[in-house]
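Read the structure below first, then the notes.
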Amino acid sequence: MAEQIFGLDFGTTNSLLSVIGGDGRPIHLTDERDRPHPSVVWYRAGEVIVGRKARENLDAGAEAITGSFVRSPKRLLDQDAPIHVGGRDLDPRDVIAEVLRFLRTDATTGRAAKQKPNRAVMTIPVKLDGAGRRRLREAARKADIGIVQFVHEPLAALYAYLRSQADYRRRLAELDGCRVLVFDWGGGTLDLTLC
């Protein structure tokens with residue numbers, strides 16, 4: 001049996017792992033509220049807390065780094081210098097790896113249990129350059145997730161829309177030769193892509 005490859009949307013506001021089930025429909029590995037996991041990391045007294053619990057304890061400040069919290073670590077992909085969090089310097093890849101590790105652990109032990117996300121296709125912003133992709137790949141490796149391929153977020157949005165159609169192959173054929181404008185309005189970016 002071939003190893004499953006997961007879809008991983010490392011988002012600015014929320015992050016989500018998904019896998020295609022036996023019936024061909026996506027299974028989203030969500031939190032206990034059936035929502036994606038917030039992309040927030042809280043460094044609290046030697047403990048690392050990620051996701052909803054970190055988000056619920058976050059102050060209302062808009063800054064990416066507030067005391068011992070890192071909100072939207074995806075924004076750190078363009079940095080190759082340490083960041084100062086909770087009185088210590090951290091490599092941005094380590095912060096990002098905390099979110100990815102949390103998603104992987106939740107998929108293994110959470111409500112969806114028995115999932116083992118070792119390999120993933122990961123969405124990325126259109127503007128993410130080669131250095132940012134390398135940092136993201138390194139962070140994923142630290143979380144024991146191998147990146148099979150990167151897919152630009154607007155293309156992933158178009159694919160998700162098409163797959164949600166009752167007869168997606170027919171709908172795809174209808175669009176052959178057409179131009180489709182995709183609005184990908186994320187938590188931190190807005191990408192418009194003509195496909």
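Heads up: numbering here begins at 1 and tracks the sequence.
Atoms CZ and CD1, from R88 and I83 in turn, are 10.0 Å apart once rounded to the nearest 0.5 Å. Separating the CG atom in L8 from the OG atom in S15 is a distance of 7.0 Å, to the nearest 0.5 Å. If you take OH on Y43 and CG on L90, they are separated by 5.0 Å, rounding to the nearest 0.5 Å. How far CZ of R163 is from CG of L172: 10.5 Å, rounded to the nearest 0.5 Å. Rounding to the nearest 0.5 Å gives a distance of 9.5 Å between CZ of F6 and CD1 of I145.
Annotation: side chain of P92 is not in contact with side chain of V95 (no heavy-atom distance under 4.5 Å). Residues L58 and R71 meet the side-chain proximity criterion, which asks for heavy atoms closer than 4.5 Å. Put simply, the side chain of V70 does not reach to within 4.5 Å of the side chain of V40, judged on heavy atoms. Inter-residue side-chain proximity for V50 and S39 is flagged as unmet; no heavy-atom pair is nearer than 4.5 Å. Counting heavy atoms from C-beta outward, D184 and T193 have side chains that stay 4.5 Å or more apart. A heavy-atom distance below 4.5 Å is not found between the side chains of V182 and L192. Residues F10 and P73 are in side-chain contact: their nearest non-hydrogen atoms beyond the backbone lie under 4.5 Å apart. M122 places a side-chain heavy atom less than 4.5 Å from the side chain of L136.
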- [ ] For side chain to side chain contact (heavy atoms under 4.5 Å, CB included), just list the numbers for R133 and I124, CA-CA rounded to whole Å, side-chain angles, deciding distance to a tenth of an Å, and then say yes or no.
- [x] CA-CA 8 Å; R133 291 176 192 204; I124 57 170; 3.5 Å; yes
- [ ] Please report the C-alpha distance between S72 and T12 in whole Å, then the side-chain angles of each, then the deciding distance to 0.1 Å, and finally whether the side chain to side chain donor-acceptor pair (under 3.5 Å) criterion is met.
- [x] CA-CA 5 Å; S72 307; T12 304; 5.8 Å; no
Open item on the list: side chain to side chain donor-acceptor pair (under 3.5 Å), that's the test. Do N57 and R44 meet it? Break it down for me.
Closed with: CA-CA 11 Å; N57 286 281; R44 181 181 79 172; over 6 Å; no
TODO: Applying salt bridge (charged side-chain N to carboxylate O under 4.0 Å, His left out), run through D80 and R93 and close with a yes or a no.
DONE: CA-CA 9 Å; D80 205 15; R93 289 169 286 229; 3.3 Å; yes
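The shortest heavy-atom contact between K74 and G11 is CD-C, 3.8 Å. Annotation for D106 and T30: closest pair OD2-O, 3.8 Å, computed over non-hydrogen atoms. Taking both residues in full, the closest heavy atoms of D9 and T123 are given as OD1-OG1, 2.8 Å, listed atom of the first, atom of the second, then distance. A pairwise comparison of heavy atoms in H37 and L29 identifies NE2-O, 3.8 Å as the closest pair. The minimum heavy-atom distance between Q4 and I20, with the atom names listed, is NE2-O, 4.0 Å. When all heavy atoms of L77 and R135 are compared, the pair lying nearest together is O-NE, 2.6 Å.
Between D94 and K142 there is a salt bridge, with a side-chain nitrogen of the basic residue lying less than 4.0 Å from a carboxylate oxygen of the acidic one. The pair R170-E174 counts as a salt bridge, with a side-chain nitrogen and a carboxylate oxygen less than 4.0 angstrom apart. Salt-bridge annotation for E56 and R52: absent, with no side-chain N of the basic residue lying under 4.0 Å from a carboxylate O of the acidic one. The existence of a salt bridge linking E138 and R141 is excluded, since no basic side-chain nitrogen approaches an acidic carboxylate oxygen closer than 4.0 Å. Remark: E47 does not engage K53 in a salt bridge, criterion side-chain N to carboxylate O under 4.0 Å.
Grouping the Ile, Leu, Val, Met, Phe, Trp and Tyr side chains by contacts below 4.5 angstrom, directly or via other members, places V48 with L76. L128 and L158 fall into different hydrophobic clusters, defined by Ile, Leu, Val, Met, Phe, Trp and Tyr side-chain heavy atoms under 4.5 Å apart, directly or through other members. In this structure, L16 is not a member of the same hydrophobic cluster as L100, with clusters built from ILVMFWY side-chain heavy atoms closer than 4.5 Å. Tracing side-chain contacts under 4.5 Å through hydrophobic residues (I, L, V, M, F, W, Y), one never reaches L103 starting from I5; they form parts of separate clusters. L155 and Y161 are assigned to two separate hydrophobic clusters, defined by single-linkage of ILVMFWY side chains at heavy-atom distances under 4.5 Å.
Remark: side-chain polar atoms of R104 are paired, donor with acceptor, to backbone N or O of D144 under 3.5 angstrom. Under a 3.5 Å cut-off, the side chain of R119 and the backbone N or O of V148 do not form any donor-acceptor pair.
Considering T13, N14, D31 as possible partners of P36, the one that fulfils the side chain to side chain contact (heavy atoms under 4.5 Å, CB included) test is N14.
Below 30°, between 30° and 60°, or above 60°: for W42 and F69 the angle between ring planes is below 30°, a parallel geometry.
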